[in-house]
Number of protein chains: 2
Amino acid sequence: MPVSTEWLLHCATTLAQLDPGTTASAAQLAQYYDLPAAYLAKQLQALVRSGALAATTGPRGGFRLARPASEITLLDIVEAVDGAASPYECREIRQQGRGALSPEECRNTCVLAEKMADAHEAWRRSLAATSLADVLATLPPSAPERTRRRMAGAT
Amino acid sequence: MPVSTEWLLHCATTLAQLDPGTTASAAQLAQYYDLPAAYLAKQLQALVRSGALAATTGPRGGFRLARPASEITLLDIVEAVDGAASPYECREIRQQGRGALSPEECRNTCVLAEKMADAHEAWRRSLAATSLADVLATLPPSAPERTRRRMAGAT
DNA sequence: GATATTGCGGATCTTTTTAGTCCGAGATAG
DNA sequence: CTATCTCGGACTAAAAAGATCCGCAATATC
Ligand code: FES
Ligand code: FES
């Protein structure tokens, strides 16, 4: 799992603390966390493509949340940057080799593939249970003001 | 996630269907599923190292379950081949850059890292809930006999 | 006791993914 | 209208992981 996952999770949390209508540029966010600006910009695009963020181009432009913070889950962000596909991929190994099963016996999906899919679904469900609003609720009340202040001074 | 994960899950299920005391060599298992024998052998070693399988060297040697099938979970197998580390790695990004938090504010772990760890734990819990014995229970009663028969004819 | 067979570990090569950089299209402010 | 600032996608290098190979140690058989 790429390092940029952590970047985007934190960037989204930061954007959620901004006033509505305000945007933060990729350069600002990069400076805020000391990250390579060009590469961060590339990853932010993935979140725009997925519909979690909205981007405004031109001077005074930048990124903002495309939806209320309560409607953006951690799963949305993680799947946008890391891909939504399950890491486990069943290649129907049971139909190959000397022990191959007949096509009739394979009408229902393999038990092992099913269990692996269940585990992946449990992982997804756990991440989908937390929204950006939930994350903000755990922060001290002074955090948003502080974030806005430190962000304003950036280039 | 490597393709070999599926291989090992099925190989372990196959071994669980053998009579106690009987072993199956890597070549036999490879032929049974039409897999590259050399690579499969290497992955089987990982399961031996983890303690899920036991190996006997020499003629008539091979692999067998090291424990009763009810004591081997899918998580044991997956973590043996794919590693037990969480795919998400927190690099403490919150302490870097212009928005860096003070060390005092970072005494407790970051909320985002905690949520990601929770999701990973949910995934683990789901896989640990199923043992090889549970998998065998879903198979038709004729399956073990059939597996033993087809395995016997291999080189 | 010699021999064939099997697992074991390390060294090696290939492929995929990740990390990083770059320049162009488009929009806003002046 | 022009200059400047922003995202957007294409391109290139680096690292990690996957996959493969070969030689060594151990054991049962003959
Ligand atoms: S055939 Fe793919 S998991 Fe069983
Ligand atoms: S600092 Fe690593 S997830 Fe927040």
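Chain naming here is simple, since letters A, B, ... match the order of the sequence lines and numbering starts at 1 in each.
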Given side chains that start at C-beta, do those of K115(A) and L9(B) come closer than 4.5 Å, heavy atoms only?
no

Between L139(A) and Q17(A), is there a side-chain heavy-atom distance shorter than 4.5 Å?
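SC-SC contact between Q17(A) and L139(A) confirmed.
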
Return the value, rounded to whole Å, for the distance between atom CD of Q43(A) and atom P of dA19(C).
8 Å

Rounded to the nearest angstrom, tell me the gap between atom CG in L47(A) and atom P in dG8(D).
11 Å

[X] has a side chain; which of [options] sits nearest to it?
X: P59(B); options: dT27(D), dA19(D), dC8(C); result: dT27(D)
X: P2(A); options: dA19(D), dT18(C), dT6(C); result: dT18(C)
X: P36(B); options: dG26(C), dA19(C), dT20(D); result: dT20(D)

Is any side-chain N of the basic residue among R146(A) and E105(B) closer than 4.0 Å to the acidic one's carboxylate O?
yes

Counting distance alone, no hydrogens or angles: does the base of dT6(D) have a donor or acceptor under 3.5 Å from a partner atom on the side chain of T57(A)?
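Flag set: donor-acceptor pair detected.
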
Could you tell me whether the side chains of D76(B) and T73(B) share a donor-acceptor contact shorter than 3.5 Å?
yes

Side-chain H-bond candidate by donor/acceptor type, Y39(A) with Q43(A), under 3.5 Å
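Yes.
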
Assuming nearest nucleotide by heavy-atom distance, tell me which of T56(A) and L44(B) is located more 5' along DNA chain C.
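Nearest nucleotide further toward 5': that of L44(B).
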
Start at the 5' end of DNA chain C and walk down; is the nucleotide closest to D82(A) or to G58(A) reached first?
D82(A)

Anything under 3.5 Å between a protein N or O and an N or O of nucleotides 9-14 of chain D, put it in a table, one pair a line.
residue: dG9(D); atom: OP2; partner: Q45(A); partner atom: OE1; Å: 3.2
residue: dG9(D); atom: OP2; partner: R49(A); partner atom: NH1; Å: 3.2
residue: dG9(D); atom: N7; partner: Q45(A); partner atom: OE1; Å: 3.2
residue: dG9(D); atom: N7; partner: Q45(A); partner atom: NE2; Å: 3.0

Ranking W7(B) and F63(A) by the position along DNA chain D of their nearest nucleotide, the one closer to 5' is F63(A)

Taking atom CZ as the centre, does R67(B) end up with more than 12 heavy-atom neighbours from other residues, nucleotides or ligands that are less than 6.0 angstrom away?
yes

Does Y39(A) put a side-chain nitrogen or oxygen below 4.0 Å from OP1 or OP2 of dG20(C)?
no

